[in-house]
4 protein chains.
Amino acid sequence: MTAPGSADWRRYDPPDLPRVLDAALQCFAEQGYHGTSIRDLAATAGLSVPGVYHHYRSKQEILLALMMAVMDELLARSEAALASAPDEPSARFDVLVESLLRFHMFRRQQAFVASSEIRSLAPENREAYVGRRDTQQRMIDDVVTAGVEAGVFGTPYPLDAARAVSTLCVGVASWYREDGPLAPDELVARHLVLARGLVQA
Amino acid sequence: MTAPGSADWRRYDPPDLPRVLDAALQCFAEQGYHGTSIRDLAATAGLSVPGVYHHYRSKQEILLALMMAVMDELLARSEAALASAPDEPSARFDVLVESLLRFHMFRRQQAFVASSEIRSLAPENREAYVGRRDTQQRMIDDVVTAGVEAGVFGTPYPLDAARAVSTLCVGVASWYREDGPLAPDELVARHLVLARGLVQA
Amino acid sequence: MTAPGSADWRRYDPPDLPRVLDAALQCFAEQGYHGTSIRDLAATAGLSVPGVYHHYRSKQEILLALMMAVMDELLARSEAALASAPDEPSARFDVLVESLLRFHMFRRQQAFVASSEIRSLAPENREAYVGRRDTQQRMIDDVVTAGVEAGVFGTPYPLDAARAVSTLCVGVASWYREDGPLAPDELVARHLVLARGLVQA
Amino acid sequence: MTAPGSADWRRYDPPDLPRVLDAALQCFAEQGYHGTSIRDLAATAGLSVPGVYHHYRSKQEILLALMMAVMDELLARSEAALASAPDEPSARFDVLVESLLRFHMFRRQQAFVASSEIRSLAPENREAYVGRRDTQQRMIDDVVTAGVEAGVFGTPYPLDAARAVSTLCVGVASWYREDGPLAPDELVARHLVLARGLVQA
DNA sequence: TATGAATGAGCCTTCATTCAT
DNA sequence: GATGAATGAAGGCTCATTCAT
């Protein structure tokens, strides 16, 4: 599922989710988990209702599979981005933020559903998901902290700044449109500047 | 409902919502609109199901009333904050951001529900709500733009920065806890610094 | 309630039902007993819901009061009609049929509701109502039988014919409109001819 | 569903309605459409509530299906009856009336429900139903008119008489019992005489 | 009588899920 | 995998009715 090797974390092919998860993505993005029925989902997937249950044991399992797939792609890209950068704090920051931005632009719905349906996960599933999300946040924390320690970032509150960077990137999924006024690269450039502003001051 | 005069936009008494809206707030915050049944709501409010319908004609009407009440308080506080500031761009920016931050801290659940249940509004209601939300965003846009024109903010992308400021403040509602490690005033101070960083660079 | 003396069984003033019964009449005629709520009824009567209960103890009591009022007026008019006729079988038949016809024309809704909501009466109420209705039918039976015995009616099946006469008159309530193409007296005249046809052959 | 060929419009096998419609028939006949709940209906049909909705999308759809099935059988039998008669007005009248009578005897409940629940049909459905009912009435009108034109019926009011004939036949459904005192053929014979009385005079 | 608030029971309908074929 | 039939539980909402004021 598009977990590309270290070289092409910038490249976004059309997402290749299994039928049911793809349908779930559309439905959950539009109506939310609780607002979507298995019948909606089956219809969107072009399957019968028992056809859906042939692949997944429950609606909850579908949500979990979708959210995990999203998180796995995000983490894989983040790692690939960092791996592609020179061992230098500000370059590592730039590359991680760029990857987060691109993900929240080109996997807009995925990112939106993943961040808005956490509460719909059953407790045990939530735990597993939140663990991965924290791993992602820690990557940002580490990069910011390293920059501060190296003296290239001036912020007196590294962790607050790191969370703000994350918030900034995640927020992009709420409003980005492919047909918006800004070319993707320009949008990335501008928000990289904004992100740097968060860690500089 | 807590629409304070211009002097006390910083003061947050315990919210004084009608029984049913208060129950809706708790339920929607925890389980979302579609995840909450009228029976949940009635139980939380200490009413019977028809008791709820005595006050509101439908679940949708409850959501609308709640979201409008939230938005109205937010707008009233924003206006009061601006009205209390000297006519000087950077002071106006600070005061508006501070008000937004406090609102998203002390009206945490309200802010969270309002921002996460927009899609659950019926189209005609959504329109009304989004209009108010845009009004709020325009206040930020204006303050940032004024600062750029006055030469006190250096950002080359005023509108992107203004949106990022909004995202930063709204995001606070996702993680803030009253019993967190930071005193409220300290938290405000730190995020004011972060917000300034977004418009400076 | 318009139970006129023996002289004016032909005269129909606007019905003078108590507010609630009048509202019940309109509502039951349009939507049926089970299709009408107490709230519908209160709104139509211009009363509050408890206002309705001030006059009647239950919805069922309203139905019963209405149906009894209707039946009482019908019986009173039938008796008045017979009392006004010469003691001669064919004149008595004519006068009774004419009265039935007029009632089902000018008390159209009343007659319709009374005949269509019998099954909505609680068993003990139904018994009381059906007793009165049978009394009415027996008046027709008697008049037809008398005519046959006197040799002025030729039908070999007096009771079947009597029932058919009743059906014919009751049926008028299903289609009669005040603004229909036939003047009331003409309509009565024609159906009197038809009724005579039923007992003649 | 018992839409017999032209030869056997006199033959009435036990009605062969689908489970749910058969249950609806019993329930609506006894308690009316609004007085019947889907739960009543499901219990009578020996199904669960969703089992009912598996076959029909709404209670209204059930009513419509039932009423249409009834009307279709009535029309088919009327046409078959006329097709089986010699091209002679009084024979055509007899055969049509006989068919109507038999239908209202042997499809008693169907006929009763169809005639008493018209107002429970949603407006668009009502239109469709009433169209068919008018078709039936026009068959009677035509047969009576033809008889008058041919000089075999003496009535000066053919359309009023035709309506009375219809009322007479429909009325049978209100009181006929299979275990009544009259054999079916005798009952038909008597009411044929009554019907002729309506068009003769 | 009106108003306002309330309720247990019940309404029509849909839910997630299952099973036989 | 599809189809068709089924279900216990629950959904939003309304019912007839009551009581305090």
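Letters A, B, ... mirror the listed sequences (proteins, then strands); counts begin at 1.
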Could you grab the distance from atom [atom1] of [X] to atom [atom2] of [Y], nearest 0.5 Å is fine?
X: A:His34; Y: A:Lys59; atom1: NE2; atom2: NZ; result: 7.0 Å
X: B:Gln26; Y: B:Gln109; atom1: CD; atom2: CD; result: 4.5 Å
X: B:Glu61; Y: B:Asn125; atom1: CD; atom2: CG; result: 9.0 Å
X: B:Tyr53; Y: B:Ile62; atom1: OH; atom2: CD1; result: 7.0 Å
X: C:Leu63; Y: C:Met68; atom1: CG; atom2: CE; result: 10.0 Å
X: C:Glu117; Y: C:Leu121; atom1: CD; atom2: CG; result: 8.5 Å

Checklist entry - How would nucleotides 15-21 of chain F be written as a contact map, 5' to 3', with B for base contact, S for sugar-phosphate-only contact and - for no contact, using protein heavy atoms under 4.0 Å? => result BBBBB--
Rounded to the Å, how far apart are [X] [atom1] and [N] [atom2]?
X: D:Leu47; N: E:dT14; atom1: CG; atom2: P; result: 17 Å
X: B:His55; N: E:dT3; atom1: NE2; atom2: P; result: 17 Å
X: B:Leu41; N: F:dC13; atom1: CG; atom2: P; result: 11 Å
X: A:Gln31; N: E:dT14; atom1: CD; atom2: C1'; result: 14 Å

Checklist entry - Which is true for C:Gly51 with a 4.0 Å heavy-atom rule: it touches a base, it touches only sugar-phosphate, or it touches nothing? => result sugar-phosphate
Checklist entry - Counting any heavy atom closer than 4.0 Å, what does C:Arg19 reach on the DNA or RNA strands: base, sugar-phosphate only, or nothing? => result nothing
Checklist entry - Between B:Leu17 and B:Leu25, is a side chain to side chain contact (heavy atoms under 4.5 Å, CB included) present by the stated rule, with each step listed? => result CA-CA 9 Å; B:Leu17 286 170; B:Leu25 181 58; 3.9 Å; yes
Checklist entry - What pattern of brackets, bars and dots sums up DNA chain F from 5' to 3', given Watson-Crick or G-U wobble pairs under 3.5 Å, [ ] for crossing pairs and | for another strand? => result .||||||||||||||||||||
Checklist entry - Any side-chain N or O of B:His54 under 4.0 Å from OP1/OP2 of E:dA5? => result yes
Checklist entry - More than 12 non-hydrogen atoms from neighbouring residues, nucleotides or ligands closer than 6.0 Å to CD on A:Glu124, yes or no? => result yes
